[in-house]
Trainee: 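Have a look at this one before I ask anything.
Each ligand, and each atom within it, is numbered from 1 in the order the structure gives. Every heavy atom of this structure was used, including side-chain atoms; hydrogens, water molecules and symmetry mates were not. Just so you know, residue 1 is the first one in the sequence shown, and it goes up from there.
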Amino acid sequence: MKKFSLKKRIAGSVAGMSGYVPGEQPAGGNWIKLNTNEFPYPPSPKVAEAILAELGDDGASLRLYPNPSSQNLRRQIGKYFGVPAEFAFAANGSDDVLNLAVRAFADASLSIATLDPSYSLYPVLAKMQGAKILQIPFKRNMQIDFERIFSSGANIFFFTNPNAPTGVGFGAETVEKIASGFGGIVLVDEAYAPFADCSCAPLAEKYENLIVTGTASKGWGLAGMRVGWAVANPAIIEVLDRVRDSYNLDRLAQAAGAAALADAPYYAQTCAAVISERADTEKFFDSVSWKYYKSSANFIFFRPVLNGKTGAKIAKDLFEFMRSRKILLRYFPNDKKISDGIRLTIGTPKQMASFKEAALEWLRQKRERI
Ligand code: PMP
């Protein structure tokens, strides 16, 4: 064989990058998993029914390719958000939608802008595409620096709403201000919108530069199925269609996603349970004087306080203490802006009771030591 060096063969944009590191998915049971913002309840019972119906007695339908454009699912997405089906796009989780948006609307000369902190996948996608990314810091108290967004010169602006990892939500007037003031494409990542006051997806009928993405992973209990979507003007959908895989959603995912979106009453009830548990958790943080952002998502970003102090050491200590009790939280040691905090997914009342009990135990142990 001729001398071969893999290093020299890797595409320039990929050579210097690291992949996105998702939250831990531990093997084995017994974990209280509050680290990756999954829904704490099972999906609607209609989802399993729809999957079984799609499979039939012997799974024969799996011989055939699925509908290439997920037509029925797109219809349901349109129905759910009150927009025509031509405004809907479906993909393999919303990460896939974000990836396709970067593929379609960014390159070496078309840059990306986003806020900081924000979803840490965006810089990875930018690197992969060889596109520059401008991360615009929030002003004090999570205020948005609109002028910097408008003068960024970026081709596409990613706006996570509610924000991750802080959970802070912004109203429709903020989205409208950005969509009308920014010259390029505005992508609003609404992964956590089911836990906020409203979705801005219907605004895609008003703003031709707006893409609103969503996912069945968080508010519909289907992280394991990989169903995501975008709502946008049909001209944008046509561009996304050019760059996606021809069969980008399997038959079971299409059936599951459509059945979930069709069962609004079930999700109204279960999302309300998460929101109520979130309020109880915020009360708990008040009771121990821990700092947190008021959340519009299914998680809370908080800063544990020990003897009047916060900091990365304290947050790490609590994270590790919880882990030793098989309670998994999300800690971001490599980002200085947020390494003094922890992101806590809202679980069932029982899971949250375990979290609170462990938090009080940690406080007792640490206070005694000082
Ligand atoms: N957007 C944000 C802000 C997220 O936190 C996540 C989940 N990590 C996603 C998108 C992607 O979700 P999924 O690919 O499961 O649809």
Side-chain angles (χ1 to χ4, degrees), residues 19-25 33-40 43 47 70 73 77 80 88-103 112 114-126 128 133 135 138 142 156-170 175 186-196 199-201 211-231 240 244-245 248-250 253-254 256-257 260-261 274 293 295-301 328-332 335 338 342-346:
Y20 174 74
V21 182
E24 186 178 352
Q25 302 295 344
K33 237 188 128 286
L34 304 175
N35 67 331
T36 44
N37 299 342
E38 287 130 331
F39 205 51
V47 167
S70 310
L73 175 57
I77 294 165
Y80 181 84
F89 176 85
N92 185 33
S94 63
D95 279 349
D96 187 25
V97 184
L98 302 173
N99 183 27
L100 295 171
V102 169
R103 172 102 55 107
I112 301 171
T114 187
L115 297 174
D116 192 18
S118 184
Y119 184 26
S120 51
L121 177 69
Y122 310 143
V124 177
L125 295 177
M128 226 191 282
I133 183 163
Q135 295 175 277
F138 279 95
M142 292 293 290
I156 179 165
F157 174 66
F158 282 83
F159 181 44
T160 321
N161 189 31
N163 178 262
T166 63
V168 173
F170 299 88
V175 171
V186 175
L187 186 149
V188 183
D189 179 344
E190 286 197 349
Y192 301 104
F195 311 100
S199 163
C200 287
I211 305 176
V212 179
T213 64
T215 173
S217 299
K218 314 295 181 182
W220 282 268
L222 287 178
M225 283 311 292
R226 313 304 300 129
V227 178
W229 52 77
V231 173
L240 293 175
R244 68 173 170 82
D245 283 352
N248 65 337
L249 268 179
D250 67 61
Q254 290 187 30
L261 284 167
V274 172
Y293 289 108
S295 171
S296 297
N298 66 335
F299 59 85
I300 299 175
F301 187 85
L328 262 191
L329 309 176
R330 190 78 182 266
Y331 176 57
F332 305 90
D335 188 341
I338 50 175
I342 286 177
R343 196 190 67 190
L344 164 73
T345 303
I346 303 299

Trainee: Using the ring centroid of each side chain, check whether Tyr80 and Trp220 are separated by less than 6.0 Å.
Mentor: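 When the ring centroids of Tyr80 and Trp220 are compared, they turn out to be within the sub-6.0 Å range.
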
Trainee: Please could you name the atoms of ligand 1 that Gly93 approaches to less than 4.0 Å, counting only its heavy atoms?
Mentor: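 What qualifies from ligand 1 is 14 (O), 16 (O).
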
Trainee: Could you check which of Tyr20, Tyr192, Tyr119, Phe299 puts a non-hydrogen atom nearest to atom 5 (O) of ligand 1?
Mentor: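 It is Tyr192 whose heavy atom sits nearest to atom 5 (O) of ligand 1.
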
Trainee: Pick one of side chain, backbone, both or neither for how Asp95 approaches ligand 1, counting any non-hydrogen atom pair under 4.0 Å.
Mentor: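 Asp95 to ligand 1: contacts from backbone and side chain alike.
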
Trainee: Between Arg343 and Asn35, is there a donor-acceptor pair closer than 3.5 Å when you use the side chain of the first and the backbone of the second?
Mentor: yes

Trainee: Show which atoms of ligand 1 fall inside a sub-4.0 Å distance from at least one heavy-atom site of Arg226.
Mentor: 13 (P), 14 (O), 15 (O)

Trainee: Is there a donor-acceptor pair closer than 3.5 Å between any side-chain N or O of Ser94 and the backbone N or O of Thr213?
Mentor: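 Flag not set: sc Ser94 to bb Thr213 has no pair under 3.5 Å.
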
Trainee: Which distance, rounded to the nearest 0.5 Å, do you find between the NZ of Lys33 and the CG of Leu329?
Mentor: 11.0 Å

Trainee: Any N/O of Ser94 closer than 3.5 Å to an N/O of ligand 1?
Mentor: yes

Trainee: Nearest protein heavy-atom contact for atom 7 (C) of ligand 1: which residue, which atom, what distance?
Mentor: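 Of every protein heavy atom, Lys218 NZ, 3.1 Å lies nearest to atom 7 (C) of ligand 1.
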
Trainee: Which atoms from ligand 1 have a heavy atom of Ala191 less than 4.0 Å away?
Mentor: 1 (N), 2 (C), 10 (C)

Trainee: Using a 3.5 Å distance criterion without hydrogens, assess whether the side chain of Asn248 forms a donor-acceptor pair with backbone atoms of Ala90.
Mentor: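 Yes.
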
Trainee: Quick one: which residue pairs count as a side-chain hydrogen bond (donor to acceptor under 3.5 Å, both in side chains) with a foot in residues 157-170, not counting sequence neighbours?
Mentor: Ser118-Thr160, Tyr122-Thr160, Asn163-Thr166

Trainee: With a 3.5 Å distance limit and no angle check, can you tell me whether Asn298 reaches the backbone of Phe39 through a side-chain donor-acceptor pair?
Mentor: no

Trainee: In terms of residue, atom name and distance, what is the protein heavy atom nearest to atom 1 (N) of ligand 1?
Mentor: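 Atom 1 (N) of ligand 1 sits closest to the protein heavy atom Asp189 OD2, 2.7 Å.
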
Trainee: Tell me, please, which residues at least two apart from Phe170 pass ring pair (Phe, Tyr, Trp, His ring centres under 6.0 Å).
Mentor: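 In terms of ring pair (Phe, Tyr, Trp, His ring centres under 6.0 Å), with neighbours along the sequence ignored, Phe170 is linked to Phe159.
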
Trainee: Below 3.5 Å, N or O to N or O, backbone or side chain included: is there any such pair between Thr160 and ligand 1?
Mentor: no

Trainee: By number and element, which atoms of ligand 1 are closer than 4.0 Å to a non-hydrogen atom of Thr215?
Mentor: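 Selected atoms, number and element: 13 (P), 15 (O), 16 (O).
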
Trainee: As an exercise, identify every atom of ligand 1 less than 4.0 angstrom from a heavy atom of Ser217.
Mentor: 13 (P), 15 (O), 16 (O)

